[in-house]
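Read through the structure below, which is laid out as structure tokens, and then see the notes.
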Amino acid sequence: MGEKLLRKRITDQRKKYRKKRFLLLFAVFLCFLTGCSGKQKENSEFSAYMNQIFRSEITASTLNMHYTLAHPENYGISDYKVTYGKVSAGEDSENATPVILENWKRKLENFDKKDLSVSQQMTYDIMMDEIEKELPAAEKYSLYREVLKPSTGFQSQLPVLLAEYTFYDEKDIEDYLQLISETPDLFDQIMEMEKKKSEKGLFMADFAVEDIVSQCNNFTEDPENNYLLSTFDDRVDGAEFLTPEQAETYKVENRRIVTETLIPAYQKLTEELNKLKGTGRNTEGLCGLEGGREYYEYLVKDTTGSDLSIEKMQAQTKKQRKQDLEDMVKISKEHKDIGEKCAKYQLPTEDPEMILKDLQEKMQQDFPVPPEVSFTIKEVHPSLEEYTAPAFYLTPPIDDISQNCIYINQSKGDERMQLYTTLAHEGFPGHLYQNIMERSCGLEPVRSLFGSSGYAEGWATYVEMQSYYYADIDQSVAEFLQKNQAALLSLYASADMGIHYDGWSLRDTIDFFAKYQITDKKTIQKIYQLIVEEPAHYLKYYVGYLEFLNLREYAMERYQKDYSDYKFHSALMKMGAAPFEILRKYLPKYWES
């Protein structure tokens, strides 16, 4: 299971940890004072087992642990190996994972679910859902997985995660330096997997290699001025627990490791990838690989958290796009000057902090008020701009939600409404809001190990669409722009499923976009290659968004006059991230709580 812990802590992302350790200790303390009924004992035993799994899995990756826990000692974690975790494939990797999953399943089945609290019952169902999904996949699909991807691959995310690695005490600095020293070994493991993929005909297309190599070269082109040097210096200078002499010693050590170990590791990675160039036999979607279509079905389910078949996803995507386009036509008929209005509207401000404050005020009619937290806005370093999203949010540790950081990629040129809705997606009521709300609800920490990108990105896309109507612009303009953005995102989702499930060629993809007056062949080729490189990437946004619309429709039908967006969003925040069918199952229990 360690390999899954290499998943990014950048959202796009993601699964979060909730329950404070002292709550468990307090429950145990009450048991000693008053004695436990059978039900109370079952609850405490279940929590203890969940925390055992959490500690075991979270310590498999020091990077993941650090971004999850500011103070792991408060969670019973004091002795751990500093490691990125293991990356392997084939026979070597798949012996352990099924055994672990089977062991979890067997022990879970020993608990009587009806004796657990509602929150624990939900945790139980989420774990079982994950186990049932991963058990068959663990043995079949290890070589289909891809750790290296131009935009969301580990090699792309690692520099940002290292630059934002917080130093709470001197042990964190020592862990950090040891961790980056382990990078060559990690990359060697990754390349061993890539070589096995190459032998089996499962290696990436040449254009994917070129994109990854280019991204790595951007990062390593100026070693003596690499930003992991300056960001480290700033952090140790601000560490009050260090003397100036200690800080200087660590700076020297970091410079040595970055220039002599980390950057050479990236350079070697590019060299090894180039050697495998040309061995990728498939330059189209996953269905061009033997067993690739079945793997895509698994990947979509894992990524989106949806139980819908791909055929149903395709149908709903097409239906929603048709509705959005019809709405745009209706707006155009009612407002003949809508095109001019969309070109000329202005927002009161384009200052990111002011926009986030505006969103916090406007959203209160539809969303519960979050706890008071601070946030910072930073710019993506120029060396990462080309392969980084327009913006992203870094998740804070569960025991220090004050660390909220949103990165903006200035090279992507977001402005006006695009900037406003992007900040809604990443900040309020998007990723930042979702994280701090869920972390205040006391969910089991183990919940962070299970979930899907579809929940996190679906939620952020869902509220992004709502944020158009918060902006201080003409409502016809807001609606037109929102429908246009939703329809555009649906095109990418359809192309994703068309390329990987139905076997669309580049020609097919060009023909598809042409139906919607998108005819720039170079642009479509870039889209095609991105989708080939990162299968199911767009589905976590759009299918996740559709699933929240489905869930809202279910709530409206069930509660009718008692329904409100405020109540719906409140129930969602109490439940936390989960597969959508489980959210539907438990929504009534949280609606009334």
Side-chain angles (χ1 to χ4, degrees), residues 1-17 54-73 75 77-88 145-149 151-190 193 216 219 226-228 231-232 235-236 250 253-254 257-258 261-263 265-266 269 381 384 388 392-400 403-405 407 435 445-446 448-449 451 453 456:
M1 296 299 291
E3 183 174 327
K4 295 196 78 172
L5 293 179
L6 287 172
R7 288 178 174 176
K8 61 185 175 181
R9 305 304 306 170
I10 299 173
T11 49
D12 165 2
Q13 30 224 79
R14 221 24 103 324
K15 312 152 190 165
K16 314 304 169 210
Y17 310 130
F54 172 70
R55 287 191 297 270
S56 173
E57 292 297 305
I58 204 63
T59 52
S61 165
T62 307
L63 190 63
N64 214 33
M65 182 181 72
H66 185 77
Y67 269 89
T68 303
L69 300 174
H71 304 288
E73 66 276 8
Y75 290 76
I77 300 170
S78 56
D79 184 20
Y80 54 87
K81 179 183 178 181
V82 177
T83 177
Y84 283 115
K86 297 283 185 185
V87 177
S88 55
R145 305 177 194 270
E146 186 55 76
V147 177
L148 304 176
K149 290 178 279 190
S151 296
T152 64
F154 187 78
Q155 89 296 334
S156 176
Q157 297 171 14
L158 181 59
V160 177
L161 294 172
L162 293 177
E164 289 297 318
Y165 196 104
T166 303
F167 299 148
Y168 299 98
D169 53 35
E170 195 168 0
K171 179 68 164 60
D172 288 330
I173 299 176
E174 293 170 353
D175 285 355
Y176 174 90
L177 294 173
Q178 185 175 343
L179 192 62
I180 60 175
S181 298
E182 299 291 327
T183 308
D185 180 63
L186 174 70
F187 283 2
D188 285 345
Q189 292 179 45
I190 292 174
M193 181 177 71
C216 291
F219 173 65
N226 188 279
Y227 71 96
L228 289 183
T231 55
F232 181 88
R235 280 174 287 165
V236 295
Y250 282 126
E253 180 67 3
N254 178 66
I257 296 173
V258 169
T261 302
L262 181 65
I263 289 178
Y266 268 85
L269 182 69
H381 192 272
L384 297 176
T388 301
F392 57 85
Y393 165 70
L394 274 175
T395 62
I398 62 173
D399 48 351
D400 185 5
Q403 294 185 59
N404 292 281
C405 183
Y407 272 85
N435 274 275
V446 76
S448 64
L449 304 177
S453 304

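Starting from 1, each residue takes its place in the sequence as its number.
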Original post:
Roughly how far, to the nearest 0.5 Å, is CD1 of Ile173 from CG of Asp169?
Top reply: 8.0 Å

Original post:
How long is the gap from CD on Gln157 to OG on Ser151, to the nearest 0.5 Å?
Top reply: 10.0 Å

**OP:** Return yes if some donor-acceptor pair links the side-chain N/O of Thr83 with the main-chain N/O of Thr62 below 3.5 Å, else return no.
**Re:** no

Original post:
Is there side-chain contact between Asn226 and Leu262, with heavy atoms separated by less than 4.5 Å?
Top reply: no

**OP:** Using the test side-chain contact (heavy atoms from CB on, under 4.5 Å), find all partners of Thr231 that sit at least two apart in sequence or belong to another chain.
**Re:** Ala163, Tyr227, Leu228, Arg235

Subject >> Residue pair Ile58 / Met65: nearest heavy atoms and the distance that separates them >> reply: O-CB, 3.4 Å

Original post:
If you measure from CG on Asn64 to CG on Leu69, what distance do you get to the nearest 0.5 Å?
Top reply: 9.5 Å

Original post:
What distance separates Ile77 CD1 from Ser56 OG, expressed to the nearest 0.5 Å?
Top reply: 9.5 Å

Original post:
What residues form a side chain to side chain donor-acceptor pair (under 3.5 Å) with Thr261, not counting sequence neighbours?
Top reply: none

**OP:** For Tyr80, enumerate each residue passing the side chain to side chain donor-acceptor pair (under 3.5 Å) test, keeping only those at least two apart in sequence or located in another chain.
**Re:** Lys171, Asp175

**OP:** State, with a plain yes or no, whether a side-chain heavy atom of Tyr84 is found less than 4.5 Å away from one of Ile190.
**Re:** no

Subject >> For Asp185, all residues meeting salt bridge (charged side-chain N to carboxylate O under 4.0 Å, His left out), sequence neighbours excluded >> reply: none

Original post:
Does the side chain of Asn404 reach to within under 4.5 Å of the side chain of Asn435, using non-hydrogen atoms?
Top reply: no

Subject >> Residue pair Pro445 / Phe54: nearest heavy atoms and the distance that separates them >> reply: O-CD1, 3.5 Å

**OP:** Provide the closest heavy-atom pair for Leu186 versus Gly85 in the form atom of the first, atom of the second, distance.
**Re:** CD1-O, 4.2 Å

**OP:** Report the distance from atom CG of Leu162 to atom CG of Leu63, rounding to the nearest 0.5 Å.
**Re:** 6.5 Å

Subject >> Listed partners of Asn254 passing side chain to side chain donor-acceptor pair (under 3.5 Å), at least two apart >> reply: none

**OP:** Could you tell me which residues satisfy ring pair (Phe, Tyr, Trp, His ring centres under 6.0 Å) with Tyr176, sequence neighbours excluded, listed by chain and number?
**Re:** Tyr165, Phe167, Phe232

Original post:
Residues two or more places apart in sequence or in another chain: which of them pass salt bridge (charged side-chain N to carboxylate O under 4.0 Å, His left out) with Glu182?
Top reply: none

**OP:** Return the minimal non-hydrogen interatomic distance between Gln155 and Lys149, and the atom names on each side.
**Re:** NE2-O, 2.8 Å

**OP:** Report the residues that fulfil salt bridge (charged side-chain N to carboxylate O under 4.0 Å, His left out) with Glu174, sequence neighbours left out, ordered by chain and then residue number.
**Re:** none

**OP:** Can you sort out the partners of Asp172 under salt bridge (charged side-chain N to carboxylate O under 4.0 Å, His left out), two or more places apart, ordered by chain and number?
**Re:** none

Subject >> Taking every non-hydrogen atom, the tightest pair across Tyr67 and Leu394 >> reply: CE2-CD2, 4.3 Å

Subject >> Tyr407: side chain to side chain donor-acceptor pair (under 3.5 Å) partners, not counting sequence neighbours >> reply: Glu164

**OP:** Could you list the residues that satisfy side-chain contact (heavy atoms from CB on, under 4.5 Å) with Ala70, not counting sequence neighbours?
**Re:** Tyr168, Pro397, Asp399, Asp400

Original post:
Is it true that a side-chain atom of Ser181 and a backbone atom of Leu177 form a donor plus acceptor pair closer than 3.5 Å?
Top reply: yes

Subject >> Polar side-chain atom of Gln189 near backbone of Val87 as donor-acceptor pair, under 3.5 Å >> reply: yes

**OP:** Name all residues meeting the ring pair (Phe, Tyr, Trp, His ring centres under 6.0 Å) criterion together with Tyr250; count only those two or more places apart in sequence or in a different chain, and write none if there are none.
**Re:** none

